2 protein chains.
Amino acid sequence: MTMQAQSEALADRLHSTAIHLLRLVRVQDAASGIGPARLSALSVVVFGGPISLNDLARAEQVRPPTMSRIVDALEKDGLACRRVNEQDRRAVIIEATAQGGKVLQQGRKRRVKFLAKHLSRLGRSELLEIERALQSIQKAFRPKA
Amino acid sequence: MTMQAQSEALADRLHSTAIHLLRLVRVQDAASGIGPARLSALSVVVFGGPISLNDLARAEQVRPPTMSRIVDALEKDGLACRRVNEQDRRAVIIEATAQGGKVLQQGRKRRVKFLAKHLSRLGRSELLEIERALQSIQKAFRPKA
DNA sequence: GATAATAATTAGCCTAGCTAAGTAATGACG
DNA sequence: CGTCATTACTTAGCTAGGCTAATTATTATC
């Protein structure tokens, strides 16, 4: 088998495995009652701290109008709030509320627990192997190199 | 580090890596001009052959009405077609058209090429390690065991 | 001070998911 | 043989989440 063919077969499997894995995780996340886009944006705000709408949109790789509506929903549910940036009154600053942080942590706990439960079916050496493989994957897809 | 904590840290990384990987792939798939749900359904029809709407919905883990509309779109674009099952005239059989097959293969080629290009930055031993890790992951998340 | 640029929002469109309700065909049972 | 339940799919109508184009408010520039 050529290096080329090996890479392609692996590419297919990698893609398929990622899809199936995330499909399973989404079911868990659904239990939080928040959609994936909101959950993901909220996590950026919770872990990264206050951020402008533009920056949040960029971090989530969506356009500002899309993020504006996601933040609308987060605000309506009391998970985040907007605040005017007094240094530049055009801009808003989005912050997580206490409840937002709590909801996110619960969701993360549920997800990680689910994943860890399945991973626990493996032995220590397999886990280490996955750990190293993830590092390699991150290396392969790291931008700018 | 306890086994438990190790599993949880790994779970987080696994999740995050899968998300970022698929985000990159989606950009490639967008070039085909077909949305992800349609592309995925089309691939089932192309690789699995003719299939009923219900079975296709189940394969894609969506409800029949959702699949009905996806097939509407595939038909409108000339990528697949419906045919009445003569053995059971309630049911329809969905088949890919020649163009559907062609479009899908092109898309797959683009995606695999993109992934393989990045993976080629790694050495043979790293690729083998990823291969083994994917097998472990599939084992860990295989249903019913 | 007029004008250009920037941050966010609003309006309006598309895809993709859902449930509930409707239609058409099949099957089962008295 | 006819009624009634079941099955396969579609239709109608909702929600979430993505987009572009156009507005509004503020800041920066000349």
Side-chain angles (χ1 to χ4, degrees), chain A residues 19 22-27 29-45 50-77 79-95 107, chain B residues 19 22-23 25-45 50-77 79-95 107:
Chain A
I19 285 178
L22 289 186
R23 200 172 271 173
L24 292 173
V25 168
R26 235 193 321 265
V27 175
D29 284 348
S32 68
I34 310 171
R38 294 169 193 186
L39 209 52
S40 182
L42 182 58
S43 97
V44 170
V45 176
I51 186 173
S52 80
L53 192 136
N54 259 344
D55 288 348
L56 183 53
R58 206 169 313 127
E60 287 294 281
Q61 307 190 287
V62 300
R63 304 287 172 182
T66 299
M67 189 49 70
S68 192
R69 284 203 307 192
I70 290 170
V71 173
D72 286 348
L74 290 177
E75 256 189 332
K76 190 169 55 61
D77 290 348
L79 305 174
C81 60
R82 283 177 171 93
R83 181 162 55 81
V84 173
N85 180 345
E86 291 300 338
Q87 272 68 55
D88 181 348
R89 299 184 46 77
R90 292 169 299 184
V92 300
I93 295 172
I94 293 133
E95 279 177 317
Chain B
I19 284 178
L22 289 186
R23 200 172 271 175
V25 168
R26 234 193 322 264
V27 175
Q28 297 304 116
D29 284 348
S32 68
I34 311 171
R38 293 169 194 187
L39 209 52
S40 182
L42 182 59
S43 97
V44 171
V45 176
I51 186 174
S52 80
L53 192 138
N54 259 346
D55 287 348
L56 183 52
R58 207 168 314 127
E60 288 294 282
Q61 307 191 287
V62 301
R63 302 288 173 182
T66 299
M67 188 49 69
S68 191
R69 284 203 307 193
I70 290 171
V71 172
D72 286 348
L74 291 177
E75 256 189 332
K76 191 168 55 60
D77 290 347
L79 305 174
C81 61
R82 283 178 170 93
R83 180 162 57 80
V84 173
N85 180 346
E86 291 301 336
Q87 272 68 56
D88 181 347
R89 299 184 46 78
R90 291 169 302 184
V92 299
I93 295 171
I94 293 131
E95 279 177 316

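Naming: A, B, ... by sequence-line order, numbering from 1 per chain. Keep in mind it's a predicted model, so treat the numbers as computed, not measured.
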Nearest-Å distance, [atom1] ([X]) to [atom2] ([N])?
{"X": "A:Asp77", "N": "D:dT15", "atom1": "CG", "atom2": "C1'", "result": "13 Å"}
{"X": "A:Asn54", "N": "D:dT26", "atom1": "CG", "atom2": "C1'", "result": "14 Å"}
{"X": "B:Glu75", "N": "D:dC9", "atom1": "CD", "atom2": "P", "result": "13 Å"}
{"X": "A:Arg26", "N": "D:dA16", "atom1": "CZ", "atom2": "P", "result": "17 Å"}
{"X": "B:Asp72", "N": "C:dC14", "atom1": "CG", "atom2": "P", "result": "15 Å"}
{"X": "A:Asp55", "N": "C:dT6", "atom1": "CG", "atom2": "C1'", "result": "13 Å"}
{"X": "A:Met67", "N": "D:dC19", "atom1": "CE", "atom2": "C1'", "result": "14 Å"}
{"X": "A:Leu42", "N": "D:dA16", "atom1": "CG", "atom2": "P", "result": "16 Å"}

| said: Between A:Leu56 and A:Val71, does the side chain to side chain contact (heavy atoms under 4.5 Å, CB included) criterion hold? Intermediate values first, please. | reply: CA-CA 10 Å; A:Leu56 183 53; A:Val71 173; 4.3 Å; yes
| said: Does anything in residues 79-86 of chain A come within less than 4.0 Å of DNA chain C? Heavy atoms only, and list the residues if so. | reply: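 When residues 79-86 of chain A is checked for heavy atoms under 4.0 Å from DNA chain C, the hits, listed by number, are A:Arg82.
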| task | For side chain to side chain contact (heavy atoms under 4.5 Å, CB included), just list the numbers for A:Ile34 and A:Asp77, CA-CA rounded to whole Å, side-chain angles, deciding distance to a tenth of an Å, and then say yes or no. | result | CA-CA 9 Å; A:Ile34 310 171; A:Asp77 290 348; 5.5 Å; no
| query | Has B:Arg82 got more than 12 heavy atoms of other residues, nucleotides or ligands less than 6.0 Å from its CZ? | reply |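 Check passes, neighbour count above 12.
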| Can you tell me if CZ on B:Arg23 sees more than 12 non-hydrogen neighbours from other groups inside 6.0 Å? |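 Correct, the count exceeds 12.
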| B:Pro36 versus B:Asp29: any side-chain heavy-atom pair under 4.5 Å? |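 Side-chain contact under 4.5 Å: no.
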| message | Set out, in order, the CA-CA distance, both residues' side-chain angles and the distance that settles salt bridge (charged side-chain N to carboxylate O under 4.0 Å, His left out) for B:Arg58 and B:Asp55, then state yes or no. | response | CA-CA 5 Å; B:Arg58 207 168 314 127; B:Asp55 287 348; 3.3 Å; yes
| task | Scan nucleotides 15-25 of chain C nucleotide by nucleotide, 5' to 3', and note B when protein non-hydrogen atoms come under 4.0 Å of the base, S if they reach only the sugar-phosphate, - if neither. | result | SBBBBB----B
| field | Rounded distance (nearest 0.5 Å) linking atom CG of B:Leu53 with atom OG1 of B:Thr66 | value |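 The CG atom of B:Leu53 sits 10.0 Å away from the OG1 atom of B:Thr66.
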| From CD (B:Gln87) to CD1 (B:Ile93), nearest 0.5 Å |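 Reported to 0.5 Å precision, the distance equals 7.5 Å.
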| By side chain to side chain contact (heavy atoms under 4.5 Å, CB included), which residues pair with A:Arg90, not counting sequence neighbours? |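 Here the qualifying residues are A:Asp88.
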| task | Kindly say if A:Ser68 contacts the phosphate of C:dA8, meaning a side-chain N or O under 4.0 Å from OP1 or OP2. | result |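 No, A:Ser68 has no side-chain N/O under 4.0 Å of OP1/OP2 on C:dA8.
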